[in-house]
Novice: 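Here's a structure for you.
Ligands are counted one by one from 1 in listed order, and the atoms in each one are counted from 1 as well. The analysis underlying the following values was restricted to heavy atoms, covering all of them including side chains, and did not include hydrogens, waters or symmetry mates.
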Amino acid sequence: MDPQTILETLGISGEVLEGLGGASGPVRASGAIMESINPSTGEAIAKIRTCTSEEADAVIGRAHDTFQTWRAVPGPARGELVRELGNALREKKTALGALVALEMGKIQAEGEGEVQEMIDICDFAVGLSRQLYGLTIASERPFHHLTERWHPLGVVGIVSAFNFPVAVWAWNAALAAVCGDSMVWKPSSETPLCALAVQKICDEIMEKHDAWGLFNLVIGPGRSVGETLISDPRVPLVSATGSTPMGQHVGEVVGRRLGRAILELGGNNALTVLDDADLGMAARAIVFGAVGTAGQRCTSTRRILMQKGIAGALCETLVAAYGQVRIGNPLDPKTLMGPLINQGGVDEMMSALVKVKEQGGEILCGGKTIDGPGFFVEPTLVKIAHDCPIVHDETFAPILYLIEVDDLDHAIAINNEVPQGLSSSIFTTNYLAGETFTSAVGSDCGIANVNAGTSGAEIGGAFGGEKETGGGREAGSDSWKLYMRRQTCTQNYSKELPLAQGISFGD
Ligand code: UN1
């Protein structure tokens with residue numbers, strides 16, 4: 001599909017696109033015009049009129065109004081709306097996947113995978129809409145009934161990053177919608193078209209269900225529009241994905257007003273390969289994890305911890321595999337790796353490689369930018385010591401650090417020595433090693449896999465990590481509880497007023 005057809009199919013073509021949507025009503029964006037840039041060419045795809053803090057404030061107000069009615073809609077009826085969202089996404093999967101490839105630069109197969117992740121979380125949320133279970137708890141008082149209920153929370157602020165421009169919104173939005181919350185989305189300024197395309201789909205669903213103000217979008221700078229969203233007390237929950245410094249700021253601002261934050265921040269994900277591993281499987285997982293999305297997933301594989309017996313053979317296999325990676329237009333089905341998101345991403349990678357050399361690392365392959373238009377780089381393999389400072393930083397690029405380890409204990413220690421704690425993997429055929437890696441004395445990450453790579457998590461599990469990754473959990477399992485408020489209810493159906501703890505008070 002050519003760029004114009006992609007935009008037209010998704011209903012977002014035009015001279016200057018409006019940078020807000022949903023509850024905007026009569027509010028119109030009046031901020032500066034920004035451009036969406038195609039990272040494969042460096043050229044503009046479209047112009048968008050951004051919104052101001054005042055306009056974002058008005059959208060939050062309308063989302064807050066909508067919450068007053070949406071919270072009273074029965075859960076299964078809320079689920080019905082999300083079912084239709086999932087069905088609309090099924091219809092638009094190819095076009096939306098292509099737009100992700102066009103604007104973000106990941107290959108179309110991964111772009112479509114991202115849309116599939118949206119569909120999956122919608123399906124999950126539809127089921128959940130009938131399962132927002134509370135508890136019945138034994139009361140210590142006679143003829144008393146103690147229960148725990150879950151109620152809608154309010155407006156959810158969603159701050160998403162460029163690297164998953166649509167799926168991470170959906171993790172939050174599908175859950176928030178069935179939990180009875182309305183929401184305001186501030187997408188990355190690198191990927192406004194993906195957000196507008198998703199909003200367009202939401203607009204049709206809201207129109208049909210008379211639920212205007214449920215899904216809202218504000219496109220604009222973080223320093224104005226983003227700050228407005230995270231500091232507003234009408235937004236009890238902010239779910240933010242991005243860098244650790246960004247998350248520290250969001251956590252501080254939301255924490256100061258005693259709001260709730262779900263933070264999904266940087267990773268520095270290691271994949272351990274023991275001597276007894278299936279090397280072919282490990283190599284495939286490594287290449288997908290390190291080269292997929294050009295190393296710009298939070299879950300990208302950044303460090304390989306190779307046991308000494310297989311280190312030489314694994315390095316050779318990886319160097320050969322890296323030589324085969326086809327780099328180019330992400331919309332070409334033969335391409336395996338597209339560009340980085342922008343010049344800043346290229347500069348960050350190149351300055352990390354300067355540090356690699358200063359700190360004694362050896363570049364085995366890659367390491368250069370690719371001439372021509374767009375932000376293309378070579379996927380890079382580096383042999384380096386585990387304790388070099390650069391290895392402990394997250395560089396959002398296809399640089400993979402190869403590190404030798406003695407045994408399982410050594411690998412676990414190195415896996416855990418970085419400040420981030422998102423994802424981790426071990427490749428081994430030894431049951432005891434796999435079990436230890438995923439035990440209380442194993443990996444300290446939010447995600448720990450055996451014979452599966454660090455990236456590409458399914459939506460059914462809770463997604464997120466520890467330490468500088470921020471501690472948040474999104475998507476599956478019981479992450480929904482963060483989108484609701486818990487109420488403990490004591491109901492006395494006796495004719496007495498017994499006090500808890502057996503207290504007698506003026507009897
Ligand atoms: C992210 O990089 O922010 O596990 C999300 C994965 C994807 C999600 C990544 N399902 O790689």
Novice: For the pair D332 (side chain) and G328 (backbone), establish whether a donor and an acceptor sit closer than 3.5 Å, ignoring hydrogens and angles.
Specialist: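 Absent.
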Novice: Does S40 use its side chain to pair, donor to acceptor, with the backbone of N329 at less than 3.5 Å?
Specialist: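 Here the side-chain-to-backbone pair does not exist.
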Novice: Quick one: does any side-chain atom of H386 pair with a main-chain N or O of H392 as donor and acceptor, under 3.5 Å?
Specialist: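 No.
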Novice: List the residues meeting side-chain contact (heavy atoms from CB on, under 4.5 Å) with L265, not counting sequence neighbours, and say none if there are none.
Specialist: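 L265: side-chain contact (heavy atoms from CB on, under 4.5 Å) contacts with T244, M246, L263.
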Novice: Sort out the contact shell of ligand 1: every protein residue with a heavy-atom distance below 4.0 Å, listed by chain and number.
Specialist: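 Ligand 1 is contacted, at a heavy-atom distance under 4.0 Å, by E117, N163, F164, W171, E264, R297, C298, T299, S455, G456, A457, F463.
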Novice: For D278, give me all partners under side-chain contact (heavy atoms from CB on, under 4.5 Å), at least two apart in sequence or on another chain.
Specialist: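 M281.
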Novice: Tabulate below the donor-acceptor pairs under 3.5 Å that side-chain atoms of residues 95-105 make, not counting sequence neighbours, or state none.
Specialist:
residue, atom, partner, partner atom, Å
E103, OE1, L193, N, 3.2
E103, OE1, C194, N, 2.9
E103, OE2, S36, OG, 2.7
E103, OE2, L193, N, 2.9

